[in-house]
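Just the heavy atoms: all of them, side chains too, but no hydrogens, waters or symmetry mates, feed the values below. Proteins come first, then strands; the chains are lettered A, B, ... in the order of their sequence lines, and each starts at number 1.
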Amino acid sequence: MWLIKSEPDVFSFENLMKSPKSTTCWHGVRNYQARNYMRDEMKLGDLVLYYHSNCDVPGVVGIAKVVKESYPDATAFEKKSDYFDPKATKENPRWFMVDVQAVAPMKQHVSLEDIKKNSKLSQMKLVQKGSRLSVQPVTESEFQEICKMGKVNF
DNA sequence: GCCAACGTTGGC
DNA sequence: GCCAACGTTGGC
């Protein structure tokens, strides 16, 4: 299971729910470790915690799932794109993405503050100092604890 | 807006 | 391969 970060001003969980089929391609990740998780380890049906960063109340706001496994991130080929990377080619794409679909919003948002206060979640990468990974694995028990705090069942 | 922590780039 | 300079992330 996973946690992905998004800035709500750029693409919020509400935006995801309003998208066609509640699905979007998770383009624009330009960090190798995050890419490796997407390319190598995110599997169809994997559940994902959707986290809002860089906003008033950062935290987990919804549940999503992987609906398509990794494929090349075409925004890296587009010169006009903010995510253009001159070193990415179709033969050697360099950057990958998956498709994610909204499953359900949290009944109650689980703020970063609440996560930090919960001793069961102290091992999460999210709360470790200096961790900035935008795609990160979470354990089953962490996932369940967050769901419990968000008053949803999975 | 500030700034600590991290990641990447590129000269040497 | 080292490391200084620069860019980015993201909480506060």
Side chains of A:Glu145 and A:Asn118: donor-acceptor distance under 3.5 Å anywhere?
-> yes

A:Asn92 and A:Thr89 side chains, donor-acceptor separation under 3.5 Å | no

State whether A:Asp46 and A:Lys65 are salt-bridged, where the test is any N-O pair (Lys NZ or Arg NE/NH1/NH2 against Asp/Glu carboxylate O) under 4.0 Å.
-> no

Is a salt bridge present between A:Asp73 and A:Arg30, judged by a nitrogen-to-oxygen distance below 4.0 Å?
-> yes

Hey, which sits more toward the 5' end of DNA chain B by its nearest nucleotide, A:Arg132 or A:Arg94?
-> A:Arg132

Toward the 5' end of DNA chain B, which comes first, A:Lys129 or A:Asn54, by nearest nucleotide?
-> A:Asn54

Salt bridge (charged side-chain N to carboxylate O under 4.0 Å, His left out) involving A:Lys125 - partner list, sequence neighbours excluded | none

Nucleotide range of DNA chain C lying under 4.0 Å from chain A heavy atoms = C:dG7 to C:dC12

